[in-house]
Amino acid sequence: MPTKVTTSTLTKMKQIGQKISALTAYDYPFASMLDQAGIEIILVGDSLGMVVQGKENTLAVTMDEAIYHTSMVSRACTFSMVVGDMPFMSYQGSLDRAIENAGRFLKEANASAVKLEGGSDVCPVINALSKAGIPVMAHIGLTPQSVHQMGGFKVQRDEDRLLKDAEDVQAAGAFSIVIEGIPSAIAAKITKQVQIPTIGIGAGKECDGQILVLHDMIGINDRFLPKFVKKYADLAGITKKALEQYVKEVKAGKFPSKEYEYE
Ligand code: KIV
C-alpha cells in the first residue's frame, strides 16, 4: 500500500519533475474516491460555502463548519494529504488566534496542513504557524476571500507583486503555494523561481501541480463555471435522470418490484 503523502513527498515531486494532482472534497464518500484515485492533495476548501452550502461567496464559512467537513474527509484518507482551508477572519485578528484555529485542523480534524489566502501581508501568520509546527500552504493571485477588495473574482496581473508574494511566502515557511487566476506566463516564472511546489488553478500548465473544485469538474455545480474549469463528467445530469426515473416508477407503482421485497 502506498504511504500517505507528506510535505516531503511534494517537495520531492517538484525536484524530480513529477506533477502533483489536487482536488477539493468536503465529505467522506467523495474523499474516499479521491484517495483511491491517487490524488496527492485533498483540500477541504472554503469553496464549501459556494458549492455545498449554496452561498454567493466563501466569506461566511465558520471554523466549526470547516472542522466538521475536514474531519469527514480525513476519515476517508489513507493516501491523500488532507489540507484544511482557514476561513475568512480565522487568521487575521491576532497570531495567537491564528495558531489556535490552525491547530484545531490538526488536533480535531486530523488534517496534515492548513491553507490560508494572501501574499506578503500574511507572512507573519505563515511564519508563526510554521514555527508552531503547522505546515502552511499559501494561496496567492485571485484570493476569493478578498472578493470585495478585488471588486469581483478577477484575474490578477501585477507580475512584480505576484513574484514578490511567492518569494515572501516561501521565505516565511510555506511548504507550497496555490496560485489562482493569473496569466500562465507569470505562473511559469513563479514556478521556476521558488523551490516549493506551486499548485495552479487557472494558472496554466507550467505549475508543479493542478487543483480544481471537485463539484465544478464532475458537473455537480450548476452555477457559472470559470474559463479554467474542465468538466470531466456530468454528475448532475446522471443524477437528475435517475431521480426522474425513480419518481416515474413510484408513481406508476413499478417500484418496488418483487426483487426488492422481503418474503
Ligand atoms: O476553497 C477552495 O476550494 C480553494 C481552491 C479553489 C484552491 O481555495
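Note that ligands are numbered from 1 as they come in the structure, with each ligand's atoms numbered from 1 the same way.
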Engineer: Say whether, by atom type as modelled, one donor and one acceptor occur between the side chain of T24 and the main chain of L43 under 3.5 angstrom.
Structural biologist: no
Engineer: Inspect the surroundings of OH in Y68 and state if more than 12 heavy atoms from other residues, nucleotides or ligands are less than 6.0 Å away.
Structural biologist: no
Engineer: Tabulated below should be the N or O atoms of ligand 1 paired with protein N or O atoms at under 3.5 Å; can you produce that?
Structural biologist:
| residue | atom | partner | partner atom | Å |
| --- | --- | --- | --- | --- |
| ligand 1 | 1 (O) | D46 | N | 3.1 |
| ligand 1 | 1 (O) | D46 | OD1 | 3.0 |
| ligand 1 | 1 (O) | S47 | N | 3.0 |
| ligand 1 | 1 (O) | S47 | OG | 3.3 |
| ligand 1 | 1 (O) | D85 | OD2 | 3.2 |
| ligand 1 | 3 (O) | S47 | OG | 2.5 |
| ligand 1 | 8 (O) | K115 | NZ | 3.1 |

Engineer: Whether the T9 and T6 side chains hold a donor-acceptor pair (N or O, under 3.5 Å, no angle test) is what I'd like checked.
Structural biologist: yes
Engineer: Is a side-chain donor or acceptor of H215 paired with a backbone partner of I220 at a separation under 3.5 angstrom?
Structural biologist: no
Engineer: Go through it in stages, so that I can follow the logic: the residues are R97 and E100, the test is salt bridge (charged side-chain N to carboxylate O under 4.0 Å, His left out), and I'd like the CA-CA distance, side-chain angles, deciding distance and then a yes or no.
Structural biologist: CA-CA 5 Å; R97 196 149 161 269; E100 197 179 308; over 6 Å; no
Engineer: Sub-3.5 Å donor-acceptor pair from the side chain of Q170 to the main-chain atoms of Q195, do we have one?
Structural biologist: yes
